[in-house]
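Note that this is a predicted model, so its numbers are computed, not measured. Residue numbers run from 1 in the order of the sequence given.
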Amino acid sequence: MASSLPRRRTHAPKSSSALIDDVFCQECGSGHSPAKLLLCDKCDRGYHLFCLRPVLPSVPKGSWFCRTCSNHKPESFPLVQTKIIDFFRIQRSPEASLNQDARKKRKRGGSLVVSKRKRKLLPFVPSEDPKRRLEQMASLATALTATSTEFSNKLTYMPGMAPRSANCPGLERGGMQVLSKEDTDTLNLCKSMMERGEWPPLMVVFDPLEGFTVEADRSIKDLTIITEYVGDVDFLKNRENDDGDSIMTLLSASDPSKTLVICPDKRSNIARFINGINNHTPEGKKKQNLKCVRFDVGGECRVLLVSNRDITKGERLYYDYNGDEHEYPTEHFV
C-alpha cells in the first residue's frame, strides 16, 4: 500500500513580538498555536495552516496571499477542441470512434468479474458523449494551469533527481507485489484510451473548502483503475524538507537512502487533485472510495489509484494518504 511522505510543518515568518501578540486566525478567531499562524503578505491578517481550505502542510516558501487579497478563482480553460487536444497531446480526435479491435478489447476488459480466487482490475469506462469528455479534459486543464503544472501521464526522471535505474522494485522493504499480466494489459488499455482522447469519467471542480477536487462524472465499478499517480521521481532524502503537499511514496527501500517519492508539483495528471480522507473521524473514513497501491509493473515501481467500492455519479473521490503506515497527520482534513 502506498503512502504520502509526512509533510513538514514549518514556523510562520518571524515578526516583532507585539505584532505576534495581536495576530489571530481569521477563520477560528483564536491566537493559539502561533507557530502555525500564516500571515498574508498584503493585509497581514493571520490564518492557521490547518484552518485554511485546503489545509496547507507548511508555510509557503514564496509570498502568500489570503483569499480576499488574491481574489483567487481559477479561470476556466477554453472549451476549444484544438486547444484541449494540444494541451493533452491527444493522438486523434476525441470524436473519432474506436476501431473494431479496440472495441473488442474494451468489451473484454469491461466484462472482467471479481472471482473468489483473484480480484481483477477493471478499465475505466469513458463517457459516451465526446463533448462531455472535452469538458472533463478542460476541467483538468483548468486545475493544471491554475497550479502551473504541466500535464504528464507517466513517471518522469529529471536531471539532478533520481535516475530511472533507481526505480527497482527489488529494493522494496519486504518485497513488492507484481501486477499480473492481465492487470498490466488493463492498465495499458487505460493509457492507450487516454492517448486517443477516451478520457476517464472524472470532473475536476473547485471547492472553496477543499480547493481543487475530483468528482465521478458517471458511475464507476469497484476495482476500476482510476489513474496512475505520476510526477517527477526523486530520492526521499532530497525532499525531506520539501513543502509540497502531494508527495507520494514510490519505493520504500530497506536502505532509506534509496527510498523514492513522486513529486507532482511540476508535472502530473488528475491524481494530484484527488483529496485525502480525515482518517481520525468515522465520517472521514466513510468518504474513502479509492485505495492507493504500489505495484511492480514490468520491473518498475508504479502507484495506482483504484476504486475500492462502487462509486456513484457526482461522488467525490477520496483515498487515505497514509495507507498502512499512518504517518501523515490528517486530523485537520475536511
Side-chain angles (χ1 to χ4, degrees), residues 2 85 88-130 132-137 139-140 151-155 177-204 214-230 268-274 289-298 300-319:
I85 289 176
F88 293 107
R89 300 182 290 278
I90 302 299
Q91 295 181 358
R92 56 184 295 185
S93 170
E95 276 120 350
S97 60
L98 294 173
N99 59 43
Q100 187 175 4
D101 291 337
R103 285 183 184 279
K104 289 180 179 178
K105 287 182 180 179
R106 197 170 76 185
K107 185 175 181 181
R108 285 200 300 269
S111 64
L112 294 176
V113 296
V114 180
S115 66
K116 293 183 179 179
R117 293 184 179 180
K118 183 179 179 182
R119 292 164 63 84
K120 300 176 183 178
L121 300 182
L122 301 174
F124 61 78
V125 179
S127 298
E128 297 174 357
D129 184 0
R132 189 58 177 174
R133 293 203 299 269
L134 285 176
E135 293 174 359
Q136 294 162 355
M137 287 187 275
S139 73
L140 174 56
F151 173 72
S152 175
N153 208 29
K154 61 182 180 180
L155 296 176
Q177 58 187 320
V178 178
L179 192 66
S180 69
K181 181 182 183 306
E182 190 170 15
D183 286 344
T184 299
D185 289 342
T186 300
L187 175 60
N188 291 336
L189 172 60
C190 291
K191 294 278 188 177
S192 63
M193 283 195 292
M194 291 188 68
E195 291 175 356
R196 294 193 298 266
E198 300 254 318
W199 213 248
L202 306 172
M203 189 73 74
V204 184
V214 181
E215 295 181 351
D217 205 34
R218 66 175 297 171
S219 59
I220 298 174
K221 292 183 178 181
D222 184 20
L223 290 180
T224 295
I225 296 176
I226 301 299
T227 186
E228 179 178 354
Y229 204 101
V230 301
S268 192
N269 59 11
I270 201 167
R272 179 181 177 181
F273 305 108
I274 298 177
N289 47 24
L290 303 182
K291 60 182 177 181
C292 185
V293 191
R294 290 183 288 138
F295 287 105
D296 173 348
V297 184
E300 182 181 49
C301 302
R302 306 270 284 276
V303 180
L304 303 183
L305 293 181
V306 180
S307 58
N308 64 355
R309 60 173 172 80
D310 290 344
I311 302 173
T312 59
K313 179 179 179 180
E315 189 176 345
R316 290 190 177 176
L317 306 187
Y318 295 94
Y319 67 103

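Side-chain atoms of Trp199 and Leu140, non-hydrogen and from C-beta on, do get closer than 4.5 Å to each other. With contacts defined as side-chain heavy-atom distances shorter than 4.5 Å, the pair Ser307/Lys221 does not qualify. The shortest side-chain heavy-atom distance between Lys120 and Thr186 does not fall under the 4.5 Å cut-off. Counting heavy atoms from C-beta on, the side chains of Asp217 and Glu135 never come closer than 4.5 Å. Residues Pro201 and Phe124 form a side-chain contact, since some pair of their non-hydrogen atoms from C-beta on lies under 4.5 Å apart.
Here the closest heavy-atom approach between residue Gly197 and residue Met137 is recorded as O-CE, 4.2 Å. Closest heavy-atom contact between Arg316 and Glu215: NE-OE2, 3.2 Å. Ala216 and Leu202 get closest at one heavy-atom pair: CA-CD2, 4.3 Å. Heavy-atom minimum distance, Pro200 versus Gln136: O-OE1, 3.2 Å.
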**Item:** Arg309 vs Glu315, salt bridge (charged side-chain N to carboxylate O under 4.0 Å, His left out): CA-CA, chis, key distance, verdict
**Value:** CA-CA 12 Å; Arg309 60 173 172 80; Glu315 189 176 345; 2.5 Å; yes
**Message:** Quick one, Leu179 with Arg302, criterion side-chain contact (heavy atoms from CB on, under 4.5 Å). Give me CA distance, side-chain angles, the key distance, then yes/no.
**Reply:** CA-CA 10 Å; Leu179 192 66; Arg302 306 270 284 276; over 6 Å; no
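Rounded to the nearest 0.5 angstrom, Leu121 CG and Glu182 CD are separated by 9.5 Å. Note that CD of Glu128 and CD of Glu198 are 10.5 Å apart. Values are rounded to the nearest 0.5 Å. Of the inter-residue distances, the one linking Thr224 atom OG1 with Leu305 atom CG reads 12.5 Å to the nearest 0.5 angstrom. Taking CG of Leu290 as the start and CG of Asn308 as the end, the distance is 6.5 Å to the nearest 0.5 Å. With values rounded to the nearest 0.5 angstrom, Leu317 atom CG is found 8.0 Å from Ile270 atom CD1. Separation of atoms CG (Asn269) and NZ (Lys154) is listed at 12.5 Å; rounding is to 0.5 Å.
Side-chain atoms of Arg196 do not come within 3.5 Å of backbone N or O of Gln91 as any donor-acceptor pair. Listed for the Asn153 side chain is no donor-acceptor partner under 3.5 Å among the backbone atoms of Lys191. With hydrogens and angles ignored, the 3.5 Å screen pairs a side-chain donor or acceptor of Arg133 with a backbone N or O of Ser127. Without hydrogens or angle criteria, Ser152 side chain to Ser268 main chain gives no donor-acceptor distance under 3.5 Å.
For Phe151, the ring-ring contact (aromatic ring centres under 6.0 Å, His included) partners at least two apart in sequence or on another chain are Phe88. A search for side chain to side chain contact (heavy atoms under 4.5 Å, CB included) contacts involving Ser139 returns Met203, Val204, not counting sequence neighbours. Under the side chain to side chain contact (heavy atoms under 4.5 Å, CB included) criterion, Ser219 pairs with no residue at all, not counting sequence neighbours.
Just one residue in the list Thr312, Ile220, Ile311 forms a side chain to side chain contact (heavy atoms under 4.5 Å, CB included) with Asn289, and that residue is Ile311.
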